[in-house]
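Below: one structure, written as structure tokens.
Residue numbers begin at 1 in each chain, while the letters A, B, ... track the order of the sequences.
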There are 2 protein chains.
Amino acid sequence: MELYILWCLLCGFFRACIRMVCLSESQLLCGELEPSNREVGCESYVERTKHAMTLTDVARAAGVSPSTVSRILSGTARVTPETRQRVMVEIKRLNYQPNVLAQGLKRGHSRTVGVLTQELNSPFFNETVQGIEYGFEDSGYDPIFSGGHSRKSEERRALDVLRSRRVDALIVVGSFLPDALLLELAKETILVMVGRRVSGLEAQCVFLDNVQGGLDATTHLTTLGHRRIAFVTGNNNHPDSAERFQGYCTALSTAGIPFDPQLVVAGDFGEQSGLMAVDALLSQGVRFTALFAANDQMACGARLALYRRGIRVPDDISLIGFDDLKHVLYAIPPLTTVRQPMLEMGQCAARLALNLLEGKSPPEHTFSPTLVVRESTAMAR
Amino acid sequence: MELYILWCLLCGFFRACIRMVCLSESQLLCGELEPSNREVGCESYVERTKHAMTLTDVARAAGVSPSTVSRILSGTARVTPETRQRVMVEIKRLNYQPNVLAQGLKRGHSRTVGVLTQELNSPFFNETVQGIEYGFEDSGYDPIFSGGHSRKSEERRALDVLRSRRVDALIVVGSFLPDALLLELAKETILVMVGRRVSGLEAQCVFLDNVQGGLDATTHLTTLGHRRIAFVTGNNNHPDSAERFQGYCTALSTAGIPFDPQLVVAGDFGEQSGLMAVDALLSQGVRFTALFAANDQMACGARLALYRRGIRVPDDISLIGFDDLKHVLYAIPPLTTVRQPMLEMGQCAARLALNLLEGKSPPEHTFSPTLVVRESTAMAR
DNA sequence: CTGAAAGCGCTTACAG
DNA sequence: CTGAAAGCGCTTACAG
């Protein structure tokens with residue numbers, strides 16, 4: 001028993017020290033903490049992680065009941081200023097952090113929203129993910145991420161991980177899960193989707209007007225006088241690609257340019273496919289003075305293929321992408337593209353989820369693309 | 001009461017439907033579920049999220065005690081095959097997912113490791129983060145991410161978020177938190193760092209031999225006959241930059257080239273700073289035939305500055321970066337660089353944390369850089 | 001204004 | 001082989 005008390009005191013002292021570090025790093029640097037360091041330095045890892053301060057510890061230290069501490073923390077209930085003061089001091093001193101696992105268990109919600117990410121390492125999705133993080137800042141909710149690595153089976157697993165953590169809502173970024181599953185999911189949980197539109201769930205989808213984007217890109221080219229405009233598609237049947245292609249077709253017909261199937265070649269949204277698309281076009285002897293790739297990554301691949309053959313951009317061929325990835329501002333030459341506000345879309349998804357959770361009306365959630373003219377497009381010769 | 005039973009039955013049926021979806025999506029598409037859809041379609045969101053199956057539900061359904069179900073799930077304890085069978089069937093039927101909040105509360109650990117990320121949207125850190133995800137696959141632990149957005153105050157907050165979720169271990173990616181804080185942190189929790197070396201905690205740091213990398217890059221250049229080699233540094237005093245610079249100096253002296261301070265200019269790891277560095281060099285009339293940027297992003301910026309002035313790469317000036325970001329393979333020309341295996345380093349960090357959690361000996365965790373020669377470097381004229 | 005008690009969904013000695 | 005009971009750390013009616 002005495003040992004336990006001694007242990008508690010030690011921990012208290014130790015935690016107080018950490019707090020000091022936060023307040024003033026300089027104190028630390030002059031070695032004031034050395035003695036305590038040594039005392040605690042020899043525990044095993046397991047012991048270290050075991051003891052965290054609880055509500056009861058705080059209550060005992062402040063001489064009140066756990067109920068009171070809980071109420072003070074939640075802001076509910078009226079206490080005498082002195083009591084509140086006393087409790088707050090102990091909370092600080094013990095460096096108490098509520099156990100959200102216990103809170104969640106009791107309250108029946110976890111104050112957590114699960115984010116099902118496609119590929120945590122794609123320049124495209126990462127901005128969205130970052131936007132989601134921003135969107136939840138100071139909302140009282142924390143996002144937790146679980147990745148599908150672009151494989152459907154993994155996505156199911158990731159979904160279970162999130163579900164077992166009792167997330168209060170779910171944000172799906174892209175994803176290859178079938179619409180049908182998402183429709184069912186939407187019935188048992190609050191669901192928001194980014195970069196994907198599921199029919200029947202439009203109100204919970206944050207998406208871009210891709211048709212307009214495709215239209216803008218192509219019109220930019222036709223306006224510059226181009227009439228032979230190649231198009232590199234994204235993944236087979238991917239709606240983003242299909243919609244951008246639709247915009248491409250519309251713009252052509254508006255400009256009175258007949259559609260030529262020879263000019264459209266299949267890609268898969270990856271750089272390499274853009275490169276191969278250009279190679280295919282060129283080796284087949286297809287003539288074109290401009291190329292519109294369904295995303296920036298393919299545009300970059302196309303650019304390299306052109307470079308390898310000594311074809312100048314934009315002098316010989318104009319190039320336009322889609323997305324406006326951060327680094328294409330530094331492409332050679334800086335890439336003309338259609339900006340998709342991924343960060344804002346992520347933020348919007350977070351807000352949408354928040355509003356749904358709190359029963360408020362959802363914010364506007366369809367986004368418009370913006371043409372960003374840089375240096376990879378020029379007048380047709 | 002009757003209502004409650006009805007409700008349960010409905011839920012059961014509904015959940016069974018979801019399971020069917022997983023087994024066969026085609027059934028869904030032909031609209032078999034329509035009736036049930038409508039019945040459940042009008043609940044409010046709050047009601048939807050409230051009811052999740054519990055151990056007790058399963059136990060009741062299978063006609064056993066919760067203890068038994070728990071033991072079956074954990075694999076502990078011997079039951080008759082029939083009982084086990086009966087329970088498993090109910091688990092599947094009810095689509096039961098254990099509540100990890102409750103498990104964590106009871107067991108005293110959360111089977112979760114917190115990852116403090118710098119900037120969730122940096123091509124550099126994202127690969128590491130992805131590696132961490134991979135490293136935890138099938139380990140029984142899940143990583144949860146919380147971001148610091150490169151601001152120290154935010155990092156403290158993110159740390160608290162992780163702490164309140166009772167993570168069993170912590171992985172810090174980069175981070176601007178002071179060494180002193182990390183040293184204290186390491187005493188109260190299992191701590192692993194990636195892309196950062198804190199002295200006194202080397203055993204828990206996964207890092208690259210940056211000096212060697214700087215040496216390799218510079219030697220590559222001197223071997224090609226370059227003698228006027230510019231160097232663009234990273235953030236002020238950032239150890240990665242300092243170490244790469246050290247390698248640069250060593251390589252120069254080995255090659256018998258005197259160090260010229262005029263050739264080193266300060267950057268901050270961002271593209272724009274690489275661009276400005278070249279501008280500064282050129283406008284000051286400093287002569288150089290090769291440039292080594294402390295990371296790829298700055299090399300890309302430098303490349304653009306050169307392009308703007310009509311200076312060819314590698315014909316006029318050779319360029320070498322550091323990191324081997326995915327997209328520099330598609331730079332114009334493809335960038336010669338020093339590869340830092342970020343994905344592998346992330347994976348290693350996860351394994352290190354896992355081993356520490358389980359008291360096993362840590363894996364090897366210092367990585368070697370690899371020179372990747374592409375097309376941005378050539379013989380000096 | 002404040003405390004004792006019950007309970008969230010689990011797990012795990014302790015009985016039988 | 002299986003169940004009843006206690007308890008993890010909270011919150012919240014319910015008393016006083």
Side-chain angles (χ1 to χ4, degrees), chain A residues 8 46 49-88 90-91 94-112 140 163-168, chain B residues 8 46 49-88 90-91 94-112 140 163-168:
Chain A
C8 288
V46 180
T49 50
K50 219 154 217 171
H51 194 72
M53 286 295 145
T54 78
L55 240 201
T56 315
D57 294 326
V58 175
R60 195 159 25 204
V64 294
S65 77
S67 323
T68 304
V69 179
S70 173
R71 282 193 276 254
I72 288 177
L73 244 15
S74 69
T76 197
R78 314 119 310 173
V79 276
T80 62
E82 306 91 76
T83 313
R84 156 167 284 120
Q85 174 64 16
R86 203 143 34 90
V87 169
M88 292 313 281
E90 290 305 320
I91 287 176
L94 299 175
N95 193 17
Y96 169 72
Q97 277 285 334
N99 182 336
V100 296
L101 274 55
Q103 288 183 322
L105 185 56
K106 181 67 213 176
R107 291 178 178 156
H109 57 237
S110 58
R111 294 272 147 189
T112 278
R163 226 160 65 84
S164 70
R165 291 192 181 278
R166 294 296 188 268
V167 294
D168 300 328
Chain B
C8 288
V46 180
T49 50
K50 218 153 218 168
H51 195 74
M53 286 297 145
T54 77
L55 240 201
T56 315
D57 295 325
V58 175
R60 193 159 28 203
V64 296
S65 76
S67 322
T68 303
V69 179
S70 172
R71 281 191 277 254
I72 288 177
L73 245 15
S74 69
T76 195
R78 316 115 311 171
V79 275
T80 63
E82 306 91 76
T83 313
R84 156 167 284 119
Q85 175 64 16
R86 202 143 35 88
V87 169
M88 291 314 279
E90 290 305 321
I91 286 176
L94 301 175
N95 193 18
Y96 169 72
Q97 277 285 334
N99 182 335
V100 297
L101 273 55
Q103 288 183 322
L105 185 56
K106 182 67 211 171
R107 291 177 178 157
H109 57 239
S110 57
R111 293 271 146 189
T112 278
R163 226 160 64 85
S164 70
R165 293 197 179 273
R166 295 297 187 267
V167 294
D168 299 329

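Summarising the geometry, the separation between CZ on R71(A) and P on dG3(C) is reported as 8 Å, rounded to the nearest angstrom. One can place CG of L73(A) at 15 Å from P of dT2(C), the figure rounded to the nearest angstrom. To the nearest angstrom, P of dC1(D) lies 17 Å from CD of Q85(B). The distance between atom CG of L94(B) and atom P of dG9(C), rounded to the nearest whole Å, is 14 Å. R107(A) places its CZ atom 16 Å from the P atom of dG9(C), with the value rounded to the nearest Å. Put simply, CG on N99(B) is 18 Å from P on dC8(D), counting in whole angstrom units. As rounded to whole Å, 15 Å separates atom P of dG9(C) from atom CD of Q97(B). When the P atom of dT12(D) is taken as reference, atom CD of Q103(A) falls 10 Å away, rounded to whole Å.
For the side chain to side chain contact (heavy atoms under 4.5 Å, CB included) with V69(A), the qualifying choice from T83(A), T54(A), V58(A) is V58(A), the only one to do so.
Between the side chain of S65(A) and the base of dA4(C) there is no donor-acceptor pair of N/O atoms closer than 3.5 Å. A donor and an acceptor atom never sit less than 3.5 Å apart when one is taken from the side chain of R166(A) and the other from the base of dG9(C). One can find a donor-acceptor pair under 3.5 Å joining the base of dG7(C) and the side-chain atoms of K106(A).
Contact detail for Q97(A) and S164(B): the closest heavy-atom pair is OE1-CB, 3.5 Å. The heavy-atom pair separating S70(A) from L55(A) by the smallest distance is CB-CD1, 3.8 Å.
Comparing T68(B) and A102(B), the nucleotide of DNA chain C nearest to each residue sits closer to the 5' end for A102(B). The residue among L101(A) and V64(B) whose nearest nucleotide of DNA chain D lies closer to the 5′ end is V64(B). Toward the 5' end of DNA chain D, the nearer of the two residues T54(A) and T83(B), judged by each one's closest nucleotide, is T83(B).
Counting only N and O atoms by type, the side chains of S65(A) and T68(A) include a donor and acceptor under 3.5 Å apart.
The side chain of T56(A) contributes no N or O atom lying less than 4.0 Å from OP1 or OP2 of dG9(D). For the OP1/OP2 pair of dT2(C) and a distance below 4.0 Å, the side-chain nitrogens and oxygens of S67(A) include no atom meeting the criterion.
Judged by distance alone, the side chain of R86(B) and the main-chain N or O of A62(B) form a donor-acceptor pair under 3.5 Å.
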**Request:** Show the numbers, then the answer: is there a side chain to side chain contact (heavy atoms under 4.5 Å, CB included) between I91(A) and L73(A)?
**Result:** CA-CA 10 Å; I91(A) 287 176; L73(A) 244 15; 3.5 Å; yes
**Asked** Would E90(A) and R60(A) count as a side chain to side chain contact (heavy atoms under 4.5 Å, CB included) if you check the C-alpha gap in whole Å, the side-chain angles of each, and the deciding distance to 0.1 Å?
**Response** CA-CA 10 Å; E90(A) 290 305 320; R60(A) 195 159 25 204; over 6 Å; no
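For Y96(A), the listed nucleotide lying nearest its side chain is dC10(D); candidates were dG3(C), dG9(C), dC10(D).
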**Item:** Dot-bracket line, read 5' to 3' along DNA chain C, where crossing pairs take [ ] and | marks a partner on another strand, Watson-Crick or G-U under 3.5 Å
**Value:** |||.||||||||.|||
